[in-house]
There are 2 protein chains.
Amino acid sequence: MTKIQDPMLSFEEELNMYLAGNSIDCVIFGYEHQELKILLLQWKHHPVWSLPGGFIRKDEDMNKAANRVLIERTGLKSVYLNQFRTFGSVARSELHKNAQFMRLDLFKKSEVFSAKTIAWLTKRFITTGYFALVDIEKTSPKPDFLSAKCEWKSLKDTPPLLLDHNDIVQKALEHLRIRLNYLPIGASLLPHKFTMQDLQKLYEAILQKPLERSNFQRKLLKLDFLNRHEKQMTGAANKAPYLYSFDMIKYEKLIKQGIGFSF
Amino acid sequence: MTKIQDPMLSFEEELNMYLAGNSIDCVIFGYEHQELKILLLQWKHHPVWSLPGGFIRKDEDMNKAANRVLIERTGLKSVYLNQFRTFGSVARSELHKNAQFMRLDLFKKSEVFSAKTIAWLTKRFITTGYFALVDIEKTSPKPDFLSAKCEWKSLKDTPPLLLDHNDIVQKALEHLRIRLNYLPIGASLLPHKFTMQDLQKLYEAILQKPLERSNFQRKLLKLDFLNRHEKQMTGAANKAPYLYSFDMIKYEKLIKQGIGFSF
DNA sequence: ATTATATTGTGTCAAAAAAATACAATAAAG
DNA sequence: CTTTATTGTATTTTTTTGACACAATATAAT
């Protein structure tokens with residue numbers, strides 16, 4: 001959708017390219033300052049936030065659509081997205097018609113969209129959720145032409161989102177926690193080099209419970225997918241920690257095997 | 001769809017009630033004679049088998065549609081269905097147009113469906129898979145008016161199925177195995193009272209590997225959700241096993257906690 | 001009636017994994 | 001130098017797992 005220059009006219013035409021009834025929503029988890037965050041968009045002319053989402057082209061695989069949608073709406077490329085659940089209640093589209101969505105000046109005044117386009121957008125949609133984990137520092141989110149902002153928001157104080165997007169985030173988080181118990185995670189969330197504490201804090205942020213330091217270290221080192229590098233002088237009055245990086249060959253091998261462990 | 005009396009005319013009309021683009025497919029696992037089976041439908045006038053599937057009404061929740069579809073197509077009621085994945089590749093609908101689906105006499109000769117109906121049915125559909133585990137002895141599958149047969153087929157020699165239904169079954173099975181590692185299973189698959197051997201064979205059928213008898217027993221009893229009853233005189237020349245049943249209160253509690261274990 | 005046979009319930013024992021704790025090493029501040 | 005906070009690793013304890021032993025027992029064979 002980023003290519004649209006004259007929204008009023010061409011948006012309506014462009015919608016013919018898409019399946020009318022299915023959508024994609026992406027829950028992008030990022031990690032920064034020992035906090036789990038998600039990437040959200042804020043609409044132009046209206047303060048409501050929502051997940052980056054979009055539609056599926058008639059000639060496009062749903063999985064590919066998810067990546068395209070994420071790129072178009074946020075600028076994030078090469079993100080490994082996982083499908084986690086499809087949301088198909090009638091209530092979720094009723095929200096379109098009754099609640100915030102119609103109150104958007106954007107829609108009400110029809111300054112941007114034609115009546116036909118609004119009718120299309122407010123139909124019933126069944127949406128499929130995808131999630132991903134990314135290193136915030138490696139991203140530079142850009143809002144698309146529909147949005148005023150594209151920002152990382154702390155998961156702890158996620159604002160009220162459009163439609164049922166808060167529920168979608170919740171389900172994505174549950175899914176992520178289960179995954180953590182049988183797949184190592186982190187290669188895409190952390191900077192290239194990180195300390196063991198960084199990794200532990202990440203796990204704690206996802207699981208939302210404290211883990212025992214020395215046991216965490218032993219367990220992760222035993223899985224044998226971390227490379228140890230030089231020490232990092234932190235400037236703090238204590239012993240400097242080693243830096244680690246993921247050995248991607250061993251890491252991928254482990255993921256394929258599906259070796260499990262639990263915390 | 002069971003209510004249709006004059007398919008040629010009213011099926012076309014009835015399709016207006018449904019979302020054009022989304023479907024449901026159910027993978028119903030059953031267990032009988034120490035074997036895992038799935039419930040399949042065979043089309044009238046054509047030998048091809050397929051998963052019981054159908055469409056979502058415009059005013060119906062997708063989850064509810066799954067139960068309705070299952071009832072309509074197989075007669076199975078009160079089945080607890082779990083959504084496991086949505087299949088949205090373009091290729092899966094191409095199969096509609098190029099492969100078996102069009103070769104069905106049912107479609108080619110248009111004896112049953114109008115051209116318009118065929119056009120509707122062979123459009124691109126994004127399908128959501130649901131799975132369930134049921135006790136075969138408690139079911140009496142009945143084919144709907146579209147189908148000649150509705151039968152349990154051994155998972156080991158599943159016939160070639162319509163479209164990508166074999167892939168869907170495979171994904172359902174993977175999902176089931178992962179689930180088994182963090183949730184106890186069996187309440188819906190076995191008769192009310194069963195022996196420890198019954199339960200073990202069920203686990204072995206799902207995991208497709210042998211488990212050690214005494215360790216299995218120890219592990220399951222420790223989870224403390226089984227009630228022990230009187231012994232069962234099997235008539236065999238050996239010690240009679242105890243009968244067990246699920247303590248549903250403890251069982252549900254365990255499932256909510258998500259207590260995990262692995263085999 | 002006695003013995004044989006297959007299967008069950010339970011116990012044991014060693015190996016492995018996980019949890020809890022201890023402690024020396026160390027970077028910087030006082 | 002001493003203190004302080006944190007790190008890397010070792011040690012101990014507890015729990016879980018896998019392998020196997022063995023008595024109990026329902027019936028068949030003798």
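In what follows, chains carry the letters A, B, and so on, assigned in the order in which the sequence lines appear, proteins first and then strands, with residues in each chain numbered from 1. Keep in mind that this is a model prediction, so the values were computed, not measured.
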Asker: Rounded to the nearest Å, what distance is computed from the CD atom of residue B/Glu230 to the P atom of nucleotide C/dT8?
Answerer: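 Going from B/Glu230 (CD) to C/dT8 (P), I get 16 Å.
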Asker: Rounding to a whole Å, what distance do you find between B/Met233:CE and D/dA28:P?
Answerer: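 The answer, rounded to whole Å, is 13 Å.
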Asker: Quick check on the 6.0 Å ring-centre criterion: do B/Tyr244 and B/Phe225 meet it?
Answerer: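 Ring centroids of B/Tyr244 and B/Phe225 are no less than 6.0 Å from each other.
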Asker: Identify each donor-acceptor pair in which a side-chain atom of residues 148-157 of chain A lies under 3.5 Å from a protein atom, sequence neighbours left out, and give them as a table.
Answerer:
{"unit_1": "A/Trp152", "atom_1": "NE1", "unit_2": "A/Thr139", "atom_2": "OG1", "d": "3.4"}
{"unit_1": "A/Ser154", "atom_1": "OG", "unit_2": "A/Glu35", "atom_2": "OE2", "d": "3.1"}
{"unit_1": "A/Ser154", "atom_1": "OG", "unit_2": "A/Lys156", "atom_2": "N", "d": "3.3"}

Asker: Can you tell me which residue among A/Leu76, A/Ile136, A/Leu133 is in a side-chain contact (heavy atoms from CB on, under 4.5 Å) with A/Ile28?
Answerer: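 It is A/Leu76, the one option of A/Leu76, A/Ile136, A/Leu133 that forms the side-chain contact (heavy atoms from CB on, under 4.5 Å) with A/Ile28.
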Asker: Expressed as a whole number of angstroms, how long is the span from A/Gln217:CD to D/dA10:P?
Answerer: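 Going from A/Gln217 (CD) to D/dA10 (P), I get 11 Å.
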Asker: Atom CG of B/Leu243 and atom C1' of C/dT7: how far apart are they, to the nearest Å?
Answerer: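 Atom-to-atom, B/Leu243 to C/dT7, this comes out as 15 Å.
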Asker: Listing time: all N or O pairs from protein to nucleotides 21-25 of chain C that are below 3.5 Å?
Answerer:
{"unit_1": "C/dT21", "atom_1": "O4", "unit_2": "A/Ser214", "atom_2": "OG", "d": "2.5"}

Asker: Nearest to the side chain of A/Asn238, heavy atoms from C-beta on, is which of D/dT6, D/dT9, C/dA27?
Answerer: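 Within the option list, the nearest is D/dT6.
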Asker: If I take atom CG in residue B/Leu211 and atom C1' in nucleotide D/dA19, what distance separates them, rounded to the nearest angstrom?
Answerer: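 Going from B/Leu211 (CG) to D/dA19 (C1'), I get 14 Å.
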Asker: Can you tell me how far the CG atom of A/Leu211 sits from the CD atom of A/Gln200, to the nearest 0.5 Å?
Answerer: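 A/Leu211 atom CG to A/Gln200 atom CD measures 5.5 Å (nearest 0.5 Å).
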Asker: Can you identify which nucleotide, out of D/dT9, C/dG9, D/dT27, has its nearest atom closest to the B/Ala237 side chain?
Answerer: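 Nearest to the side chain of B/Ala237 among the choices is D/dT27.
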Asker: Find every protein N or O atom lying less than 3.5 Å from an N or O atom of nucleotides 14-17 of chain C, and list the pairs.
Answerer:
{"unit_1": "C/dA17", "atom_1": "OP2", "unit_2": "A/Lys222", "atom_2": "NZ", "d": "3.2"}

Asker: Do the side-chain N or O atoms of B/Gln197 get closer than 4.0 angstrom to the phosphate oxygens (OP1, OP2) of C/dT8?
Answerer: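 For C/dT8, OP1 or OP2 has a side-chain N or O of B/Gln197 closer than 4.0 Å.
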Asker: Whole angstrom is fine here: how far is it from NZ in B/Lys231 over to C1' in C/dT7?
Answerer: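 Spelled out: NZ on B/Lys231 to C1' on C/dT7 is 11 Å.
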Asker: Between C1' on D/dT9 and CZ on A/Phe216, what's the gap in Å once rounded to a whole number?
Answerer: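 Going from CZ in A/Phe216 over to C1' in D/dT9 covers 16 Å.
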Asker: Roughly, in whole Å, what's the span from CD in B/Gln232 to C1' in C/dG9?
Answerer: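 One finds 16 Å between C1' of C/dG9 and CD of B/Gln232, rounded.
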Asker: Nearest 0.5 Å, what's the CG-CG distance between B/Asn67 and B/Asp61?
Answerer: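 So the gap between those two atoms works out to 11.0 Å.
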Asker: Parallel, tilted or perpendicular: which fits the ring planes of B/Tyr251 and B/Phe246, with parallel below 30° and perpendicular above 60°?
Answerer: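 It falls in the perpendicular class, over 60°.
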Asker: Can we say B/Lys193 and B/Glu230 salt-bridge, meaning some charged N sits less than 4.0 Å from an Asp/Glu carboxylate O?
Answerer: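 Yes, charged N to carboxylate O under 4.0 Å.
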Asker: I need the A/Tyr203 OH to A/Lys209 NZ distance, nearest 0.5 Å.
Answerer: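 Between A/Tyr203 OH and A/Lys209 NZ, I get 12.5 Å after rounding to 0.5 Å.
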Asker: Could you pick out which residue, A/Ala236 or A/Arg228, lies toward the 5' side of DNA chain D when each is mapped onto its nearest nucleotide?
Answerer: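 Looking at the nearest nucleotide for each, A/Ala236 comes out on the 5' side.
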Asker: Students often mix this up, so state it plainly: with edges at 30° and 60°, are the rings of B/Phe131 and B/Phe29 parallel, tilted or perpendicular?
Answerer: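 Perpendicular, since the angle between the ring planes exceeds 60°.
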